[in-house]
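Reminder, nothing fancy here: chain letters follow the sequence lines and each chain counts from 1.
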Protein chains: 2
Amino acid sequence: MNVKLADIARVTGFSINTVSRALRGDSRISGQTSRLICSKAEEMGYIRNEVAGSMRSSRTNTIGVVSADSSNPFFAEVLLGIEDAARKMNYSILLINTEEQAENEYDAVKLLIGRQVDGLIIIPVFDDPKNLSMYESLGIPYIFAGRRVKGLEAHSILHGDEEGSSEVFSYLLETGHERIFYLAGPDRISNSVDRLEGMKRAFREKGRAFDADLVVETRGHIDDGYSEMNRALNKGLEFTAVACFNDLIAMGVLKSLYENGLCVPEDIEVFGYDNLNMAQYMQPRLSSVDVPKARLGQAAVEELMLHIEDGNRPYNTLEMKPRLVFRETTKR
Amino acid sequence: MNVKLADIARVTGFSINTVSRALRGDSRISGQTSRLICSKAEEMGYIRNEVAGSMRSSRTNTIGVVSADSSNPFFAEVLLGIEDAARKMNYSILLINTEEQAENEYDAVKLLIGRQVDGLIIIPVFDDPKNLSMYESLGIPYIFAGRRVKGLEAHSILHGDEEGSSEVFSYLLETGHERIFYLAGPDRISNSVDRLEGMKRAFREKGRAFDADLVVETRGHIDDGYSEMNRALNKGLEFTAVACFNDLIAMGVLKSLYENGLCVPEDIEVFGYDNLNMAQYMQPRLSSVDVPKARLGQAAVEELMLHIEDGNRPYNTLEMKPRLVFRETTKR
DNA sequence: CTGAAAGCGCTAACAA
DNA sequence: TTGTTAGCGCTTTCAG
């Protein structure tokens, strides 16, 4: 077995307790003792058994991250922000992916609680009764990153989905588009719901009615953008602008438009959402709505920490600002 | 506090021990007792404290994953494969990113060992003396996924970097290219080393000398492809084909070539590496070398499990086959 | 098939 | 400033 406190205690002649304290930098231990113990520990290759420590202190210094799909660049960047911020605060990350399935989310949370994580950062589905009631009596702090759960909005850090989407459609409507095709996201996540609402708001504010035939729901994958655009074109759908739920969809859309001989932005304007790094390398460079991804992850960690420190701290919805980035897929 | 074994024991009248066994499905407990205990536990909302369990059994059912940069789609997909396979085997993932820094890798491994992970999957740097000596006396099983560490090849699952790269260059040389520009990866990771070696091998086999001026090292990011290609073009470098260390670089390259009025593949042929999903949506569709990413992650978990089960199992390098995918950035 | 006792390695609480 | 004692919640071992 590995070297443990008792071994160091035996070698140095101090008690296990003193060794434990010295190693944790307890100020009550004299400088000399502390230095001796620490150097001896180093020399013996001591690595603290965090599991045993957690057991006693009932703190694991671990946060559970329930992501939707970490192979999606959007979540990957959020995750990176989370991991980085957590590491700096001496926390580790237990990661589980749900593939947007409410049931996987439920299982993930239960599993992480069994592993005694100190808190949770979750990218949840929008509206699931079983999960809702689970969250309502969770027992540990939790933050929803970039999404909200119906009825638990206070736990969310959001980035203005309705506003961002509304601005995109306002721009398109103001510049004269009569028929705007919208490739929406899956309706079980709040981003889809809110961005769709943003669209409706824009139409309302401009005193215009939107055509339900021009909205199609997708899973938000790159392939969806390509196949749905092909389908729309094949069935002769008419439009002069395309708004996409995210940049991945937009990439597929651009490909389809190109192959069908349509020019962007001359024939058709295209707007993405998320502003992935790759957006600026698409052909043409994609106009998009910027969301601060790494910052979102970081903010989620920071907020979660405050709740871990103070279990009575009230929850408040945090909002970040979206920002439209105009590149080459729009005329402006 | 949460409900624990003792609570269930009290309620059901059995001993803590019997409850523990019933809950773990120990076959020595009678069916009736077992059912009673399990249903009571369910009813009371019991969630097993895995930390306490691990403490005693010295098994955490956790594997540590030391990734290079999980915001890179390549690693993100490998990670997804890892997470998925691990979950199916009832294991959880502790994730740390290193940003390709040997020192971060060192710290990550030590930290994960302190957390008593049962094994490690690492995406390591190639050649660091301190890390090498750490690995040589690690004490727990470990697998390098998709990369090798100099001197510890047996711990790796590889995907034929030298072979894949050699095939790319063979194709380009055979089809008459005299000057091939290569955007290499960072020299501290084995993939760069091996793919570069593959290039050299191809030149050697064709009885040709390669020009060192036509090789430039990059970090492997999308921006590097764009900026290095711009730089090469600006200084008047001549070439008729571009091979890229990975698809991300290739995406940047395509953008630069387009902006400089060069046609792909007519003027310049381009080859990527990794075959990311997005490769087929680039403009034009990118020819690349396919690497089974999710499968790699899955294989790493499976192999690691065998070593966790049997601590004496010998390590053997595993090799997967690369496969060239010809799309629109090459003439063939 | 079930129970009692011991202990995993550490930290907390209380003493000195 | 240091030591002693107890115990976190579970699983293992040994006993019946």
Side-chain angles (χ1 to χ4, degrees), chain A residues 1-38 40-41 44-62 90 111 113-118 139-140, chain B residues 1-38 40-41 44-62 90 110-118 139-140:
Chain A
M1 207 46 202
N2 276 327
V3 30
K4 51 190 99 161
L5 289 185
D7 301 322
I8 303 175
R10 200 175 330 106
V11 173
T12 59
F14 290 99
S15 74
I16 292 182
N17 195 308
T18 301
V19 174
S20 169
R21 281 176 180 145
L23 257 20
R24 275 177 295 148
D26 188 314
S27 61
R28 294 172 310 184
I29 303 294
S30 79
Q32 197 180 0
T33 306
S34 188
R35 264 187 306 273
L36 173 72
I37 290 175
C38 289
K40 204 70 193 171
M44 295 170 74
Y46 174 72
I47 299 180
R48 179 156 161 261
N49 182 331
E50 303 287 345
V51 172
S54 316
M55 170 103 212
R56 188 65 240 251
S57 65
S58 59
R59 249 201 166 217
T60 54
N61 273 57
T62 303
N90 203 22
L111 190 152
I113 287 183
R115 287 176 177 272
Q116 314 299 117
V117 296
D118 295 337
I140 61 170
Chain B
M1 206 46 203
N2 276 326
V3 29
K4 52 191 101 165
L5 289 185
D7 301 323
I8 302 174
R10 199 175 331 105
V11 173
T12 58
F14 289 97
S15 72
I16 290 183
N17 195 318
T18 301
V19 174
S20 169
R21 281 175 179 143
L23 257 22
R24 275 176 295 148
D26 189 315
S27 60
R28 292 173 310 184
I29 304 294
S30 79
Q32 196 180 0
T33 307
S34 188
R35 265 187 305 275
L36 173 71
I37 290 175
C38 289
K40 204 69 194 170
M44 296 169 75
Y46 175 71
I47 299 180
R48 180 154 160 262
N49 181 332
E50 303 286 344
V51 172
S54 314
M55 169 105 210
R56 187 69 242 253
S57 65
S58 57
R59 250 204 164 214
T60 53
N61 274 54
T62 302
N90 203 23
K110 291 296 184 192
L111 190 153
L112 291 167
I113 286 182
R115 286 177 178 272
Q116 313 300 115
V117 297
D118 295 338
I140 61 169

inquiry  = Quick check: on DNA chain D, is the nucleotide nearest B:Leu5 upstream (toward 5') of the one nearest A:Val19, or the reverse? Name the residue that is more 5'.
reply    = A:Val19

Polar side-chain atom of [X] near backbone of [Y] as donor-acceptor pair, under 3.5 Å:
{"X": "B:Asn61", "Y": "B:Asn90", "answer": "yes"}
{"X": "A:Arg48", "Y": "A:Ser20", "answer": "no"}
{"X": "A:Asn49", "Y": "A:Lys4", "answer": "no"}
{"X": "B:Thr60", "Y": "B:Gln116", "answer": "yes"}

Just the atom pairs and distances: protein N or O near nucleotides 12-14 of chain D's N or O, under 3.5 Å.
| residue | atom | partner | partner atom | Å |
| --- | --- | --- | --- | --- |
| D:dT12 | OP2 | B:Arg24 | NH1 | 3.2 |
| D:dT12 | O4 | B:Asn17 | ND2 | 2.7 |
| D:dT13 | O4 | B:Asn17 | ND2 | 3.2 |
| D:dT13 | O4 | B:Arg21 | NH2 | 3.3 |

B:Tyr46 side-chain N/O to D:dC10 phosphate OP1/OP2 under 4.0 Å =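 B:Tyr46 to D:dC10 OP1/OP2: side-chain N or O found under 4.0 Å.
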
inquiry  = Looking at D:dT4, I'd like to know if its phosphate oxygens (OP1 or OP2) sit under 4.0 Å from a side-chain N or O belonging to A:Ser15.
reply    = no

With the side chain of [X] defined as its heavy atoms from C-beta on, choose the nearest nucleotide among [options].
{"X": "B:Ile29", "options": "C:dT2, D:dG3, C:dT11", "value": "C:dT2"}
{"X": "A:Thr33", "options": "D:dC10, C:dC10, D:dT1", "value": "D:dT1"}
{"X": "B:Ala52", "options": "D:dC10, C:dC8, C:dC10", "value": "D:dC10"}
{"X": "B:Phe14", "options": "C:dG3, C:dC8, D:dT2", "value": "C:dG3"}
{"X": "A:Thr18", "options": "D:dG3, C:dT11, C:dT2", "value": "D:dG3"}

message = Using side-chain heavy atoms (C-beta onward) and a distance below 4.5 Å, is B:Glu50 in contact with B:Thr62?
response =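 With C-beta onward as the side chain, the pair stays apart.
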
message = Between the side chains of B:Arg24 and B:Asp26, is the shortest nitrogen-to-carboxylate-oxygen separation below 4.0 Å, so that they form an ion pair?
response = no

